[in-house]
Amino acid sequence: KMMKTIILILSTALSLTIIANGKYKDSTCLIVCGSALVNGTTVGDITAKLYYDNREIDSQNLSNKDYEFLFKLERNHYYTVKILKGGFITRSVSINTDLPAHISITPVFKFHFEVELLRETNKLNYEYTDFPIAIVEYRAGRDVFDYSRKYTEKVKSNMASDRDIFYNK
């Protein structure tokens, strides 16, 4: 009986310690924010949607006065952010929040990105427009979330029959 009481007290103390440390109160590990550009200029009147398991879980409609969206992402999940604007091709960014168990999420990681929107045009190879323009994941060597520049350049080069569309020429 005494052993059960000690185990119960230790279990309660451990639970309170975990709650006090906030490990399970808020599992946000990454705050991702971003904006859309047209010809290098930040624009509003966009919709940013957050997907998890191919289901929309959040959406933000930004007016012409609001230029930045923000989503809080939980640890160890795969997300997609889609940016939509009438007359433009929908752009997406894939985000992998897998983190090694020993990595603390206090303070929360932050990642900001800008996406250049492209008008619908015959200069695009539409076979590649459904691909995410970037893949964001944790980089252990630098202890940050970042995107794969090599992947992004590959998608851009495959999508554009005329590379100047990415450089506003």
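Along the sequence shown, the residues carry numbers beginning at 1. We use all heavy atoms of the structure for the numbers below, so side chains are in, but hydrogens, waters and symmetry mates are not. Computed from a prediction, not measured in an experiment: that's the story for all the values here.
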Return the set of residues passing salt bridge (charged side-chain N to carboxylate O under 4.0 Å, His left out) with R142 (not counting sequence neighbours), or none when no residue passes.
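So R142 forms a salt bridge (charged side-chain N to carboxylate O under 4.0 Å, His left out) with D146.
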Grouping I, L, V, M, F, W and Y whenever their side-chain heavy atoms are under 4.5 Å apart, do [X] and [Y] come out in a common cluster?
X: Y147; Y: L99; answer: yes
X: I95; Y: I31; answer: no
X: F71; Y: I57; answer: yes
X: L37; Y: V32; answer: no
X: V38; Y: I83; answer: yes

Quick check on Y67: does its OH atom have over 12 non-hydrogen neighbours (other residues, nucleotides or ligands) under 6.0 Å away?
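Enclosed: over 12 neighbouring heavy atoms sit under 6.0 Å from OH of Y67.
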CZ on F69 to OG on S59, rounded to 0.5 Å
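The CZ atom of F69 is 11.0 Å from OG of S59, to the nearest 0.5 Å.
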Atom pairs and distances, side-chain donor-acceptor, residues 43-55, under 3.5 Å, sequence neighbours left out:
from, atom 1, to, atom 2, distance (Å)
T47, OG1, N61, OD1, 2.8
Y52, OH, H77, ND1, 2.9

Hey, are the side chains of F109 and F111 touching, using non-hydrogen atoms and a 4.5 Å cut-off?
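No - every pair of side-chain heavy atoms lies 4.5 Å or more apart.
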Does the side chain of H112 come within less than 4.5 Å of E68's, by heavy atoms?
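They are in contact (side-chain heavy atoms under 4.5 Å apart), so the answer is yes.
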Would you tabulate the side-chain donor-acceptor contacts of residues 132-140 under 3.5 Å, counting partners in other chains and residues two or more places apart, or write 'none'?
from, atom 1, to, atom 2, distance (Å)
E137, OE2, R139, NH1, 3.1
Y138, OH, D143, OD1, 2.5

